[in-house]
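All remarks here apply to the structure that follows.
Side-chain atoms are counted along with the backbone in the values below, which use heavy atoms only and exclude waters and symmetry mates.
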Amino acid sequence: MTDSRELEDLDGLIQHPGWTRYKALFDAEWGAAGARFTTALDQMANDTDKVRAADNMQRVIWVRKEMTNFLRSVEQRVTELRHRAEPVATMSRRGVL
């Protein structure tokens with residue numbers, strides 16, 4: 001896939017109103033104060049085996065961070081592709097063109 005096509009596709013994705021809704025849904029469910037995230041942590045915190053509880057809580061926190069990073073990576077990729085597409089200034093005898 002060419003950079004310009006990838007930029008067009010991903011830019012179209014993040015500009016679409018559905019992307020904003022998807023991110024809001026993710027935050028409501030799995031954000032730092034999300035319903036599913038806090039429920040999962042609460043359930044694990046009530047485990048009588050504290051070592052297992054801590055391990056499971058760490059896993060849930062790690063997965064949430066990875067999911068957040070993945071969503072963020074789409075927008076970061078668009079930024080990266082935009083920078084690549086910007087024309088590079090060239091030097092001439094009269095200065096930068």
Side-chain angles (χ1 to χ4, degrees):
M1 179 180 294
T2 64
D3 283 356
S4 63
R5 181 68 183 159
E6 182 181 5
L7 175 57
E8 183 180 319
D9 291 346
L10 292 178
D11 192 45
L13 173 66
I14 67 172
Q15 298 301 322
H16 192 279
W19 178 253
T20 303
R21 288 182 185 269
Y22 183 75
K23 285 181 16 180
L25 178 60
F26 174 81
D27 285 340
E29 295 289 324
W30 288 101
R36 290 177 68 185
F37 178 63
T38 55
T39 298
L41 290 180
D42 285 344
Q43 289 172 347
M44 290 170 199
N46 291 324
D47 191 332
T48 57
D49 183 337
K50 296 306 174 190
V51 172
R52 182 177 57 211
D55 281 347
N56 288 337
M57 290 170 77
Q58 285 178 330
R59 284 186 185 99
V60 168
I61 291 167
W62 179 82
V63 168
R64 185 190 70 80
K65 285 181 182 179
E66 288 299 312
M67 292 181 341
T68 301
N69 289 339
F70 177 77
L71 287 176
R72 201 174 288 139
S73 74
V74 175
E75 294 166 342
Q76 290 170 342
R77 180 68 177 157
V78 169
T79 300
E80 176 187 328
L81 291 169
R82 281 184 183 147
H83 287 303
R84 281 189 199 175
E86 291 176 357
V88 176
T90 58
M91 291 293 292
S92 74
R93 292 187 308 196
R94 292 178 279 166
V96 177
L97 296 177

Under 3.5 Å: donor-acceptor pair, side chain of T39, backbone of R36: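 Pair absent, no side-chain N/O of T39 close to backbone of R36.
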
Strictly distance-based, threshold 3.5 Å: is any side-chain N or O of N46 a donor or acceptor partner for the main-chain N or O of D42?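 Side chain of N46 to backbone of D42, a donor-acceptor pair under 3.5 Å: yes, one is there.
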
Counting C-beta onward and ignoring hydrogens, is there a side-chain heavy-atom pair between [X] and [Y] closer than 4.5 Å?
X   : Y   : value
D11 : R82 : yes
V74 : R77 : no
L81 : R84 : yes
L10 : W19 : no
R59 : D55 : yes

Between E75 and K23 (salt bridge meaning N to carboxylate O under 4.0 Å), is one present in this structure?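 Result for this pair is yes, salt bridge flagged.
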
What distance separates [X] [atom1] from [Y] [atom2], expressed to the nearest 0.5 Å?
X   : Y   : atom1 : atom2 : answer
L41 : Q58 : CG    : CD    : 11.5 Å
L13 : E8  : CG    : CD    : 12.5 Å
T2  : L7  : OG1   : CG    : 9.5 Å
M57 : K50 : CE    : NZ    : 9.0 Å
I14 : D9  : CD1   : CG    : 12.0 Å

Between A40 and V60 the two heavy atoms that sit nearest each other are CB-CG1, 4.4 Å

Nearest heavy-atom pair of A53 and M44: which atoms, and what distance? CB-O, 3.1 Å

Evaluation steps, side-chain contact (heavy atoms from CB on, under 4.5 Å), between T79 and Q76: CA-CA 5 Å; T79 300; Q76 290 170 342; 5.5 Å; no

Has K65 got more than 12 heavy atoms of other residues, nucleotides or ligands less than 6.0 Å from its NZ? no

Taking a hydrophobic cluster as the set of Ile, Leu, Val, Met, Phe, Trp and Tyr residues connected by side-chain heavy atoms closer than 4.5 Å, whether directly or through intermediates, do L71 and L25 fall within one such cluster? no

Would a single hydrophobic cluster contain both W30 and W62, if residues Ile, Leu, Val, Met, Phe, Trp and Tyr are joined by side-chain heavy-atom contacts under 4.5 Å?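 As far as the 4.5 Å side-chain criterion goes, W30 and W62 are connected within one cluster.
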
